[in-house]
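What follows is a single structure, written as structure tokens, with notes after it.
Only this structure's heavy atoms are used, side chains among them; waters, hydrogens and symmetry mates stay out. Below, chains carry the letters A, B, ... as their sequence lines are ordered, and counting in each starts from 1.
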There are 2 protein chains.
Amino acid sequence: MNTVTDNRQGTLSDQVFWRIKEDIVTGVTPQGQKMGEAELAKHYDISRGPLREALQKLEAINLVVKAPHAGTHVVTLDAEKMREVYQMREAMEGFATRLATQVMSKNEINNLYRLLDQHEAGINDTGGKVYFQEEGDPDFHYYIFSKCGNVQLVNYLENQLYQLLRMCRHRTSRLPYRAEKALSEHRSIVDAINNRDAEFAEMLMRRHIQSSWKLVESMLSEQNQQ
Amino acid sequence: MNTVTDNRQGTLSDQVFWRIKEDIVTGVTPQGQKMGEAELAKHYDISRGPLREALQKLEAINLVVKAPHAGTHVVTLDAEKMREVYQMREAMEGFATRLATQVMSKNEINNLYRLLDQHEAGINDTGGKVYFQEEGDPDFHYYIFSKCGNVQLVNYLENQLYQLLRMCRHRTSRLPYRAEKALSEHRSIVDAINNRDAEFAEMLMRRHIQSSWKLVESMLSEQNQQ
DNA sequence: CATTGTCTTATTGTCAACAATATAACCAAA
DNA sequence: TTTGGTTATATTGTTGACAATAAGACAATG
């Protein structure tokens, strides 16, 4: 189990790291917020030692930025930074998809198809679309890139990029998300994987990510005009 | 200036981080070495607080691995990990080259040509080939990917991947490096950039990295047979 | 002799006080 | 009024002591 993805227990610094991370990623702690050590330590009822370690871990995954002797602030995701995050994601997750296509077992591919079926079945339930957007879609992506066979790559995607991505998503919630379109793109990707067409699977994944960026981008320019 | 690439001054934890990092990357500290906190703190004449922060920074760039309550060890680069590092490098630096081709200024491209000329002029000096391998080649790669226009990508390549790469290189020093071949590949890459042929530049960069991996790989299998 | 359980010990995790630094508040001079 | 330097204060960086944990030594039992 992974200390970034799930660590509600363990050392104090890990626990507090996890709690602060969730607060940042879900928008409870606003972007640009000053993270005073004394204040936070008091709030989480720990001393400044482990709290500083927690902040350092947050810095390592780019959720906060530290300035020597000046303090640490929650990162501010402007349009340019978000563009960079999606650009990175397109390249790296596309590459991971290519690799996964080459090494996934038949059994794992069947699991993917089952996952698709579940998503399609649940999408018309009450709140099914929101659930798919917030849980199903990330699950799908995670399942694929976690099978790419490159630990370095998986760690980077899971611990760094996807945390920033969740932040982007929250900053642009209420976007005109079309779950049906995303789902059909998912199925095309799995079909390409099933055909062992690595190049095509990578291309489809990249386009899938591009289209979600376009959605986010249009949302951002709308916000700018207001 | 960057806290991973150059930080011989600043806070104690930064200074010691930099010193330990150099020792690990250059092989002074052997792979798998136990990093006892008390011992290290005494050696660098600081207290355990900043030393722990330094170790945490090393963990963030994958040079050491920490186990809760058990201690931290220098990472051990086996053949599989090295394969992953070169695979990541091929994908990410290739992508960075593609981006750089699209946004580099004419002036920056001219700088690249000047760099090539310097390298070609110096390669026949005494120790010129070794100098090119250890300084010139990394400079060339850094100059290109630093111009890709994606801060996230540059940071990852510079602070994480290239540190591990230096470690790989040291582990396989005395490989049959052919500076002339590398240099001509460099020139081809710059030509592709100059022609604004992003796809071709990416391909050439990927092949250039592939061939250096093949060298490392053959070295590793030789070591295995002995 | 092997194995299990306890205890010791070395190491890491945590804490609270102290030192160093940067921000800002303030005053003086132009 | 503005600008420049000086001081005050709040915050971060650092330290050494204390607590908690895990690995190893050792003895007792089958």
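A heavy-atom distance below 4.5 Å is found between the side chains of B:Arg171 and B:Leu220. A:Cys148 places a side-chain heavy atom less than 4.5 Å from the side chain of A:Val154.
Counting to the nearest Å, the P atom of C:dG13 and the CD atom of A:Gln56 are 13 Å from each other. Taking atom CG of B:Leu55 as the reference point, atom P of C:dT11 lies 14 Å away to the nearest angstrom. In this structure, B:Glu39 places its CD atom 13 Å from C1' of C:dA10, rounding to the nearest Å. Following rounding to the nearest Å, B:Glu37 (CD) and D:dA19 (P) show an atom-to-atom distance of 18 Å. Residue B:Lys66 contributes atom NZ, which lies 16 Å from atom C1' of D:dA22 at whole-angstrom precision. The distance between atom NZ of A:Lys34 and atom P of C:dA22, rounded to the nearest whole Å, is 14 Å. Counting to the nearest Å, the P atom of D:dA23 and the NE2 atom of B:His73 are 10 Å from each other.
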### Task
Check the pair B:Tyr113 / B:Val190 against side-chain contact (heavy atoms from CB on, under 4.5 Å), numbers first and verdict last.
CA-CA 7 Å; B:Tyr113 275 117; B:Val190 179; 3.6 Å; yes
Report each atom pair, protein N/O against N/O of nucleotides 14-21 of chain C, whose distance is under 3.5 angstrom.
| from | atom 1 | to | atom 2 | distance (Å) |
| --- | --- | --- | --- | --- |
| C:dT14 | OP1 | A:Leu12 | N | 2.4 |
| C:dC15 | OP2 | A:Ser47 | N | 3.0 |
| C:dC15 | OP2 | A:Ser47 | OG | 3.0 |
| C:dC15 | O5' | A:Ser47 | OG | 3.4 |

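The salt bridge (Lys or Arg N to Asp or Glu O under 4.0 Å) search around A:Glu80 returns A:Arg83, not counting sequence neighbours. Among residues two or more places apart in sequence or in another chain, the salt bridge (Lys or Arg N to Asp or Glu O under 4.0 Å) test is passed with B:Arg206 by B:Glu90, B:Glu202. By the ring pair (Phe, Tyr, Trp, His ring centres under 6.0 Å) test, A:Phe132 pairs with A:His119, A:His186, sequence neighbours left out.
Applying the ring pair (Phe, Tyr, Trp, His ring centres under 6.0 Å) test to residues at least two apart or on different chains, the pairs with a partner in residues 36-88 of chain A are A:Tyr86-A:Trp213.
Contact check on B:Arg52 versus B:Glu59 returns no salt bridge, with no Lys/Arg side-chain nitrogen under 4.0 Å from an Asp/Glu carboxylate oxygen.
Note that the two end axes of the helix from C:dC1-D:dG30 to C:dA30-D:dT1 enclose an angle of 10°, each drawn from 5 base pairs, rounded to 10 degrees.
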